[in-house]
K.L.:
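Could you have a look at this structure, given as structure tokens, before my questions?
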Amino acid sequence: MRIGIIGAGIAGLVAACSLQSNGHEVVVYEQRPAPNVDGAGLTLFGNAFAALDSVGLGDTIRNITHQGLARLTTGQRTPKGRWLAKMPSETVGQLHSVHRVTLHNTLMQLLAPGTVRTGMQALAAADGTPRIHVGYQTVMFDLVVVADGLRSTNRSRLGLDTGIEYSGYTAWRGVTSDPVDIAGTAAETWGQGSIFGYVPLPDERLYWFGTRNQPADTTIDDEVQAVRDTFAEWHAPIQDCLEATKPTELMRHDVYDLAKPLKTFTKSRTVLMGDAAHAMLPNLGQGAGQGIEDAVTLTLLLGAAPPRDLGTILARYSTMRRSRTTRLWRQSRLMAGVAQAAGPVAVRLRNVGLRVTPAGVIGPVTKRLHHWEPPTA
């Protein structure tokens with residue numbers, strides 16, 4: 001099949017790699033002038049690697065990740081450093097961290113030269129027929145994949161958009177340039193309306209993020225000072241993480257998700273995946289993983305040969321992926337509400353709840369979240 005993909009993010013590139021290796025002819029359109037990404041680090045759980053393994057990409061991605069998180073103490077802490085909950089080691093045994101740029105570049109290198117065409121705004125046909133408008137040209141395909149992110153232009157063109165909604169919090173992110181002593185931990189700290197988390201990356205770097213409840217589009221004159229002030233009294237090594245990050249490497253974005261789950265991920269011979277289909281809050285760490293699941297599920301359903309009934313396959317893809325991602329979209333919102341709690345009473349109740357929850361309860365719940373199986377015939 002000849003397949004056009006709009007968007008060279010993680011979901012789009014995993015789809016391109018897996019479809020191309022299955023013998024399909026793939027073209028990827030990316031509107032940015034260079035095939036790179038903004039971002040810091042991300043985490044991939046066992047479900048992402050189960051999917052990647054099923055299309056032969058698992059070991060390649062493992063080799064660029066930090067694989068020692070199972071040896072660290074992980075969980076949630078208070079700003080003074082007291083542990084609220086510790087995650088069982090088996091729960092994080094398959095958790096890997098990677099710099100987003102490294103992952104992106106690795107996927108790019110797996111593609112045939114010329115697969116990704118940059119600096120091109122690509123528009124799907126509004127009726128879902130498999131054609132892409134690029135400038136004054138219309139290019140025909142057998143299937144079009146829309147993977148152009150949270151603010152997807154093409155989701156709107158297809159009449160599938162439910163809008164996006166502000167979470168109520170903004171997020172700073174960064175990657176350290178100098179080593180930081182994390183004392184054998186990789187944790188999230190939950191305060192009142194703020195979170196700080198850090199995980200190690202390869203090459204002795206750390207990826208960290210910090211959140212704060214505030215109105216959307218708040219202007220901050222000095223981002224470096226603002227993030228330092230927000231976490232000034234919090235436990236070590238939080239201030240060390242900030243000190244070890246170059247100001248030019250600091251980013252801040254208001255956090256949004258879809259206002260409502262989509263009713264379908266397909267229209268005629270056009271299919272959505274990744275954040276374009278199910279943008280969710282990052283509080284479960286499943287954004288990238290779900291985009292990977294999308295890409296692999298579609299690849300396996302299509303197989304290596306042109307399908308006899310593409311419509312049936314796309315409908316099955318939509319049903320399978322909507323069920324899984326809608327559940328995670330809701331759970332991510334629920335977790336955000338708990339983690340970003342700001343009122344003193346709510347915070348106190350949350351913290352007590354975390355302390356009294358047995359690790360034996362947390363493990364099985366998390367395992368179900370991180371489980372993925374390939375679609376059956």
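Just so it is clear, the values below take in all heavy atoms, side chains as well, and ignore hydrogens, waters and symmetry mates.
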K.L.:
Given Leu298 and Asp294, is the side chain to side chain contact (heavy atoms under 4.5 Å, CB included) satisfied, shown in steps?
P.N.:
CA-CA 6 Å; Leu298 181 63; Asp294 291 345; over 6 Å; no
K.L.:
Run the salt-bridge test on Arg2 and Asp142 with the 4.0 Å N-O cut-off and return the result as yes or no.
P.N.:
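No, no charged N to carboxylate O under 4.0 Å.
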K.L.:
Looking at every non-hydrogen atom in both residues, tell me the closest pair between Gly285 and Phe45 and how far apart they are.
P.N.:
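Closest approach of Gly285 to Phe45, heavy atoms only: O-CE1, 3.5 Å.
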K.L.:
Find out whether Leu57 and Leu110 are in side-chain contact, i.e. whether some heavy atom of one side chain is under 4.5 Å from a heavy atom of the other.
P.N.:
yes
K.L.:
At what distance, to the nearest 0.5 angstrom, does OG1 of Thr218 lie from CG of Asn213?
P.N.:
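Separation between the atoms: 11.0 Å.
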K.L.:
Distance check, rounded to the nearest 0.5 Å: Asp254 atom CG versus Tyr169 atom OH?
P.N.:
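Spacing of CG (Asp254) from OH (Tyr169) equals 11.0 Å.
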K.L.:
Check the side chains of Ser332 and Gln286 for a donor-acceptor pair under 3.5 angstrom, ignoring hydrogens and angles.
P.N.:
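No, because no side-chain N or O of Gln286 sits under 3.5 Å from a partner of the opposite role on Ser332.
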K.L.:
If Ile, Leu, Val, Met, Phe, Trp and Tyr residues are connected whenever their side-chain heavy atoms lie under 4.5 Å apart, and connections chain through other members, are Val255 and Trp172 in the same group?
P.N.:
no
K.L.:
Enter the distance from Arg205:CZ to Ser177:OG here, rounded to the nearest 0.5 Å.
P.N.:
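The CZ atom of Arg205 sits 8.5 Å away from the OG atom of Ser177.
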K.L.:
Is there a side-chain contact between Ile10 and His104 in this structure, where contact means two heavy atoms from C-beta onward sitting under 4.5 Å apart?
P.N.:
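No, side chains not in contact.
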K.L.:
Where is the tightest heavy-atom contact between Met273 and Ala15, given as atom of each residue plus distance?
P.N.:
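In terms of heavy atoms, the two residues are closest at SD-CB, 3.9 Å.
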K.L.:
Just so I know, are the side chains of Leu143 and Val271 near enough to count as touching, which here means a heavy-atom distance under 4.5 Å?
P.N.:
yes
K.L.:
What is the distance from atom OG1 of Thr65 to atom CG of Leu44, rounded to the nearest 0.5 Å?
P.N.:
7.5 Å
K.L.:
Any Lys/Arg nitrogen of Arg228 or Glu243 sitting under 4.0 Å from an Asp/Glu carboxylate oxygen of the other?
P.N.:
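Yes, this pair counts.
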K.L.:
Is Leu206 close to Thr245 at the side-chain level, that is, under 4.5 Å between some pair of heavy atoms?
P.N.:
no
K.L.:
Taking a hydrophobic cluster as the set of Ile, Leu, Val, Met, Phe, Trp and Tyr residues connected by side-chain heavy atoms closer than 4.5 Å, whether directly or through intermediates, do Leu250 and Ile220 fall within one such cluster?
P.N.:
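Same hydrophobic cluster.
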K.L.:
Determine whether more than 12 heavy atoms belonging to other residues, nucleotides or ligands lie under 6.0 Å from atom CD of Gln192.
P.N.:
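Counting neighbours around CD of Gln192, more than 12 heavy atoms of other residues, nucleotides or ligands fall under 6.0 Å, so yes.
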K.L.:
Would you name the heavy atoms of Ala277 and Leu258 that are closest together and state the gap between them?
P.N.:
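In this case the closest contact between Ala277 and Leu258 is O-CD1, 3.5 Å.
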K.L.:
Check for a donor-acceptor pair, side chain of Thr326 on one end and backbone N or O of Ser323 on the other, with a separation under 3.5 Å.
P.N.:
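Absent.
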K.L.:
Using modelled atom types and a 3.5 Å cut-off, is there a donor and acceptor pairing between side-chain atoms of Arg32 and backbone atoms of Thr118?
P.N.:
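Absent.
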K.L.:
For a quick check under 3.5 Å, do Asn154 and Ser152 share a side-chain donor-acceptor pair by atom type?
P.N.:
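No, because no side-chain N or O of Asn154 sits under 3.5 Å from a partner of the opposite role on Ser152.
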K.L.:
In this structure, is the centre-to-centre distance between the rings of Tyr207 and His99 below 6.0 Å?
P.N.:
no
K.L.:
Donor-acceptor check, side chain of Lys267 to backbone of Gly128, threshold 3.5 angstrom: yes or no?
P.N.:
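It does not hold such a pair.
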K.L.:
Without swapping roles, check the side chain of Thr115 against the backbone of Ala112 for a donor-acceptor pair under 3.5 Å.
P.N.:
yes
K.L.:
Going by atom types alone, do Arg252 and Thr170 pair a side-chain donor with an acceptor below 3.5 Å?
P.N.:
yes
K.L.:
Between Leu111 and Leu13, is the side chain to side chain contact (heavy atoms under 4.5 Å, CB included) condition met? List the steps.
P.N.:
CA-CA 9 Å; Leu111 293 169; Leu13 290 180; 3.9 Å; yes
K.L.:
Does a side-chain heavy-atom distance below 4.5 Å link Thr219 with Asp221?
P.N.:
yes
K.L.:
Looking only at atom types and distance, does a side-chain atom of Arg155 sit under 3.5 Å from a main-chain N or O of Leu150, one as donor and one as acceptor?
P.N.:
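Checked: pair present.
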K.L.:
Determine whether the side chains of Ser318 and Thr264 contain a donor N or O and an acceptor N or O closer than 3.5 Å.
P.N.:
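Yes, Thr264 and Ser318 have a side-chain donor paired with an acceptor closer than 3.5 Å.
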K.L.:
Is the count of non-hydrogen atoms from other residues, nucleotides or ligands lying under 6.0 Å from Arg82 atom CZ greater than 12?
P.N.:
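Not more than 12 within 6.0 Å, no.
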K.L.:
Specify the closest pair of heavy atoms between Ile238 and Thr189, including all atoms of both residues, with the distance to one decimal.
P.N.:
CD1-OG1, 4.1 Å
K.L.:
Is there a path of hydrophobic side-chain contacts, each under 4.5 Å between heavy atoms of I/L/V/M/F/W/Y residues, joining Ile164 to Trp329?
P.N.:
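Yes, one cluster joins them.
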K.L.:
In sequence, state the C-alpha distance, the side-chain angles, and the governing distance for Leu42 and Val98, and then conclude on side chain to side chain contact (heavy atoms under 4.5 Å, CB included).
P.N.:
CA-CA 6 Å; Leu42 57 85; Val98 62; 3.5 Å; yes
K.L.:
Decide yes or no on salt bridge (Lys or Arg N to Asp or Glu O under 4.0 Å) for Glu165 and Arg333, but give the supporting numbers first.
P.N.:
CA-CA 11 Å; Glu165 187 169 301; Arg333 281 197 165 191; 3.4 Å; yes
K.L.:
Where is the tightest heavy-atom contact between Gly7 and Val28, given as atom of each residue plus distance?
P.N.:
O-CG1, 3.8 Å
K.L.:
Minimum heavy-atom separation for Asn283 to Ala339, with atom names?
P.N.:
ND2-CB, 4.2 Å
K.L.:
Apply side chain to side chain contact (heavy atoms under 4.5 Å, CB included) to residues Met108 and Val116 and explain how you reach the verdict.
P.N.:
CA-CA 8 Å; Met108 287 285 294; Val116 179; 3.7 Å; yes
K.L.:
Taking the basic N atoms (NZ, or NE/NH1/NH2) and the acidic carboxylate oxygens, is any pair closer than 4.0 Å for Glu293 and Arg321?
P.N.:
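Yes, Glu293 and Arg321 are salt-bridged.
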K.L.:
Can you measure from CZ (Phe141) to OG1 (Thr270) and round to the nearest 0.5 angstrom?
P.N.:
10.5 Å
K.L.:
Looking at Glu223, I want to see if its CD is surrounded by more than 12 non-hydrogen atoms of other residues, nucleotides or ligands under 6.0 Å.
P.N.:
yes
K.L.:
When rounded to the nearest 0.5 angstrom, what distance separates CG in Leu281 from CD in Gln340?
P.N.:
9.5 Å
K.L.:
Are Met1 and His24 close enough that some pair of their side-chain heavy atoms sits under 4.5 Å apart?
P.N.:
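Met1 vs His24: side chains touch.
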K.L.:
Would you mind checking if Glu188 and Arg77 are paired as a salt bridge, meaning a charged N to carboxylate O distance below 4.0 Å?
P.N.:
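Not counted as a salt bridge, because no side-chain N and carboxylate O are separated by less than 4.0 Å.
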K.L.:
With the side chain counted from C-beta on, respond yes when Arg131 and Val139 share a heavy-atom pair under 4.5 Å apart, and no when they do not.
P.N.:
no
K.L.:
Main chain of Met251, side chain of Arg173: is a donor-acceptor contact present, judged purely on distance under 3.5 Å?
P.N.:
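No, Arg173 side chain to Met251 backbone: no donor-acceptor pair under 3.5 Å.
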K.L.:
May I ask you to check whether Thr185 and Tyr198 show a side-chain donor-acceptor distance below 3.5 Å?
P.N.:
yes
K.L.:
So do the side chains of Ile3 and Val144 get within less than 4.5 Å of each other, counting heavy atoms only?
P.N.:
no
K.L.:
So, Asp53 and Arg62, do they make that salt bridge, N to O below 4.0 Å?
P.N.:
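A salt bridge is present here (some side-chain N lies under 4.0 Å from a carboxylate O).
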K.L.:
In this structure, are over 12 heavy atoms from other groups packed under 6.0 Å from Gln225 atom CD?
P.N.:
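More than 12 heavy atoms, drawn from other residues, nucleotides or ligands, come within 6.0 Å of this atom.
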K.L.:
With side chain to side chain donor-acceptor pair (under 3.5 Å) as the test, would you mind laying out the steps for Arg324 and His278 before giving the verdict?
P.N.:
CA-CA 10 Å; Arg324 166 86 159 149; His278 46 67; over 6 Å; no
K.L.:
Quick one: do Ile5 and Leu123 end up in the same hydrophobic cluster if we chain Ile, Leu, Val, Met, Phe, Trp and Tyr together by side-chain heavy atoms under 4.5 Å apart?
P.N.:
no
K.L.:
Counting distance only, does the side-chain N/O of Thr230 pair as donor-acceptor with the main-chain N or O of Ala226 below 3.5 Å?
P.N.:
yes
K.L.:
Measure from the ring center of Trp208 to the ring center of Phe196 and say whether it is less than 6.0 Å.
P.N.:
yes
K.L.:
Determine whether Val347 and Leu84 fall in the same hydrophobic cluster, where Ile, Leu, Val, Met, Phe, Trp and Tyr are linked whenever their side-chain heavy atoms lie under 4.5 Å apart.
P.N.:
no
K.L.:
Would Arg212 and Phe231 count as a cation-pi pair here, with the cationic atom under 6.0 angstrom from the ring centre and within 45° of the axis?
P.N.:
no
K.L.:
How about Met335: does its CE atom have over 12 heavy atoms from other parts shown lying under 6.0 Å from it?
P.N.:
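Result for CE/Met335: open.
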